[in-house]
Number of protein chains: 2
Amino acid sequence: MKVLSQTSKYGIRALLYIVSNPSTGEYVSIGEITKELNLSFHFLTKIFRELTNKGILYSYRGPSGGIALAKPSDQIMLIDIVLALEGEDYFDNCLLGFPGCGVEKPCPVHNFWKGIKEDIKSHLCNTSLAQLGEKILAEEVRLFD
Amino acid sequence: MKVLSQTSKYGIRALLYIVSNPSTGEYVSIGEITKELNLSFHFLTKIFRELTNKGILYSYRGPSGGIALAKPSDQIMLIDIVLALEGEDYFDNCLLGFPGCGVEKPCPVHNFWKGIKEDIKSHLCNTSLAQLGEKILAEEVRLFD
DNA sequence: CATATTTAAGAGTATTAATTCTTAATTAAC
DNA sequence: GTTAATTAAGAATTAATACTCTTAAATATG
Ligand code: SF4
Ligand code: SF4
């Protein structure tokens with residue numbers, strides 16, 4: 001069941017690492033994150049570049065540089081990250097879909113899936129990095145094994 | 001949002017074509033299905049071979065041969081097809097997942113996603129080809145553009 | 001038995017996603 | 001200014017998925 005690409009999964013996990021690790025400096029280095037989460041440095045760098053271009057992150061080069069959230073973590077919603085990394089058409093085609101399917105031309109599971117899709121969408125819209133960060137700090141959930 | 005592979009999508013649509021087109025003979029030819037649904041003959045043949053090997057379909061070679069459901073359509077559930085084509089581990093790893101995630105080691109969205117996953121699973125378990133076939137015959141939904 | 005029809009099997013190709021690698025640019029500190 | 005640290009950019013590679021093609025086997029019919 002592949003709901004999100006590796007790109008999105010890594011991206012979200014990395015951002016959650018940032019919000020759940022109150023850092024000393026202004027910027028968090030990508031190297032630190034990939035070391036902690038055991039991700040590929042180059043791959044995450046590429047993912048973060050995309051998020052920087054989309055205005056979700058700031059970046060700063062040089063010693064003690066790194067990346068930082070462009071907005072307070074309670075104003076960054078999961079949906080922002082998913083749409084930035086998966087594309088704005090993320091919710092368009094989905095379960096059984098033939099070309100041109102949708103409300104007008106529903107596939108046999110459209111009625112059911114419409115509800116699921118709304119649940120997912122509203123959850124992604126209403127969940128901020130800050131909320132999930134708190135859960136991690138409270139050790140209710142975790143980011144790695 | 002790619003919940004199912006093309007393989008599963010085509011497979012399910014093709015089976016639904018069968019149940020929604022009461023055939024004259026015992027077997028339906030793959031050529032007829034791919035012509036109607038505008039799918040690749042060779043690709044669907046491969047998908048059906050898998051379903052035949054898994055015991056979901058019967059096949060018969062030669063003139064007026066084809067494939068047929070191995071059980072009455074009200075006894076074939078969507079979950080059977082999905083697990084056959086996506087693998088039995090379909091529900092194991094899902095939204096944010098790191099290696100080894102799950103109930104014991106929940107990722108930050110596990111609580112939410114657990115519910116979604118159960119909804120999807122129970123719907124797939126409780127929906128038969130016959131049920132969807134009826135909806136198609138009633139023209140509530142459709143299989144192609 | 002010859003021919004036409006149809007699935008079986010799997011090799012081969014193309015496209016996309018995932019990951020790695022190389023080189024450049026920016027910045028801090030000495 | 002030299003060096004070290006760090007992100008930027010994007011080419012190159014690998015792996016997975018999607019799709020196509022070729023050949024073989026089975027079966028019905030004349
Ligand atoms: S659920 Fe609706 S949008 Fe999704 S594939 Fe079916 S018809 Fe298309
Ligand atoms: S929701 Fe549960 S099973 Fe799915 S990825 Fe998160 S922890 Fe793993």
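The sequence lines fix the lettering, A, B, ..., with proteins before strands; numbering per chain opens at 1. Heavy atoms only: backbone and side chains are in, while hydrogens, waters and symmetry mates are out. What you see is a predicted model; the values in this text were computed from it and never measured.
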Exercise for review: Name all residues meeting the side-chain hydrogen bond (donor to acceptor under 3.5 Å, both in side chains) criterion together with Glu118(B); count only those two or more places apart in sequence or in a different chain, and write none if there are none.
Suggested key: none

Revision key, fill the gap. Residue pairs passing the side-chain hydrogen bond (donor to acceptor under 3.5 Å, both in side chains) test with at least one member in residues 70-89 of chain A, sequence neighbours excluded, are Ser5(A)-Glu86(A), Ser8(A)-Glu86(A)

Review point. Residues in side-chain hydrogen bond (donor to acceptor under 3.5 Å, both in side chains) with Glu32(B), at least two apart?
Key: Tyr17(B)

Point to revise | side-chain hydrogen bond (donor to acceptor under 3.5 Å, both in side chains) pairs, two or more places apart, involving residues 133-145 of chain B | key: Lys105(A)-Asp145(B)

Exercise for review: Would you kindly compare Phe43(A) and Gly66(B) by the position of their nearest DNA chain C nucleotide and give the one closer to the 5′ end?
Suggested key: Gly66(B)

**Study point:** Residue pairs fulfilling ring pair (Phe, Tyr, Trp, His ring centres under 6.0 Å) with at least one residue in residues 67-110 of chain A, sequence neighbours excluded
**Key:** none

Check your understanding: What class does the angle between the rings of Tyr10(A) and Phe43(A) fall in, given that below 30° is parallel, 30 to 60° is tilted and above 60° is perpendicular?
Key -> perpendicular

Practice item. Please state whether the phosphate of dT6(C), meaning OP1 or OP2, lies under 4.0 angstrom from any side-chain nitrogen or oxygen of Ser29(B). Key: no

Exercise for review: Report the distance from atom CZ of Phe41(A) to atom P of dA9(D), rounded to the nearest whole Å.
Suggested key: 14 Å

Study note, to complete from the structure: Residues in residues 82-91 of chain A with a heavy atom under 4.0 Å of DNA chain C, by number, are none

Check your understanding: Checking all strands, does Tyr10(A) fall into the base, sugar-phosphate, or nothing category for heavy-atom contacts under 4.0 angstrom?
Key -> sugar-phosphate

For nucleotides 24-28 of chain C, which of its nitrogen or oxygen atoms have a protein nitrogen or oxygen under 3.5 Å away, and what is each distance?
{"residue": "dA25(C)", "atom": "N3", "partner": "Arg61(A)", "partner atom": "NH1", "Å": "3.3"}
{"residue": "dT27(C)", "atom": "O3'", "partner": "Tyr60(A)", "partner atom": "OH", "Å": "3.0"}
{"residue": "dA28(C)", "atom": "OP1", "partner": "Tyr60(A)", "partner atom": "OH", "Å": "2.8"}

**Study point:** Between P of dA8(D) and CG of Leu51(A), the distance in whole Å
**Key:** 11 Å

Exercise for review: In whole angstrom, give the distance that lies between atom CG of Leu44(A) and atom P of dT20(C).
Suggested key: 12 Å

Review point. Distance from Ile76(A) atom CD1 to Gln131(A) atom CD, nearest 0.5 Å?
Key: 12.5 Å

Study note, to complete from the structure: The side-chain hydrogen bond (donor to acceptor under 3.5 Å, both in side chains) partners of Lys46(B) (sequence neighbours excluded) come to none

**Study point:** Interatomic distance where CD belongs to Glu50(B) and P belongs to dA9(C) [whole Å]
**Key:** 10 Å

Check your understanding: To the nearest Å, how far apart are Leu57(B) CG and dT6(C) P?
Key -> 17 Å

Review point. Tell me the side-chain hydrogen bond (donor to acceptor under 3.5 Å, both in side chains) pairs involving residues 47-62 of chain A, sequence neighbours left out?
Key: Glu50(A)-Lys54(A)

Review point. Could you state the interatomic distance from CG (Asn126(A)) to CD1 (Ile79(A)), rounded to the nearest 0.5 Å?
Key: 10.0 Å

Review point. Out of curiosity, Ile120(A) CD1 to Ile120(B) CD1, how far, rounded to the nearest 0.5 Å?
Key: 6.0 Å

Review point. What is the distance, rounded to the nearest whole Å, between atom CD of Glu26(A) and atom P of dT7(D)?
Key: 14 Å

Practice item. Tell me, please, which residues at least two apart from Lys2(B) pass side chain to side chain contact (heavy atoms under 4.5 Å, CB included). Key: Gln6(B)

With 3.5 Å as the limit, what N/O pairs link the protein to nucleotides 11-17 of chain C?
{"residue": "dA11(C)", "atom": "N6", "partner": "Lys46(B)", "partner atom": "NZ", "Å": "3.2"}

Practice item. Could you state the atom-to-atom distance from NE2 of His42(A) to P of dA11(D) in whole Å? Key: 16 Å

Point to revise | Gly31(B) backbone acceptor or donor facing Thr34(B) side chain under 3.5 Å | key: yes

Point to revise | Length of the line joining Ile47(B):CD1 and dT17(D):P, which is rounded to integer Å | key: 14 Å

**Study point:** Close residues, residues 11-22 of chain A, relative to DNA chain D [heavy-atom separation under 4.0 Å]
**Key:** none

Practice item. Can you measure from SG (Cys107(B)) to CG (Leu16(A)) and round to the nearest 0.5 angstrom? Key: 9.5 Å

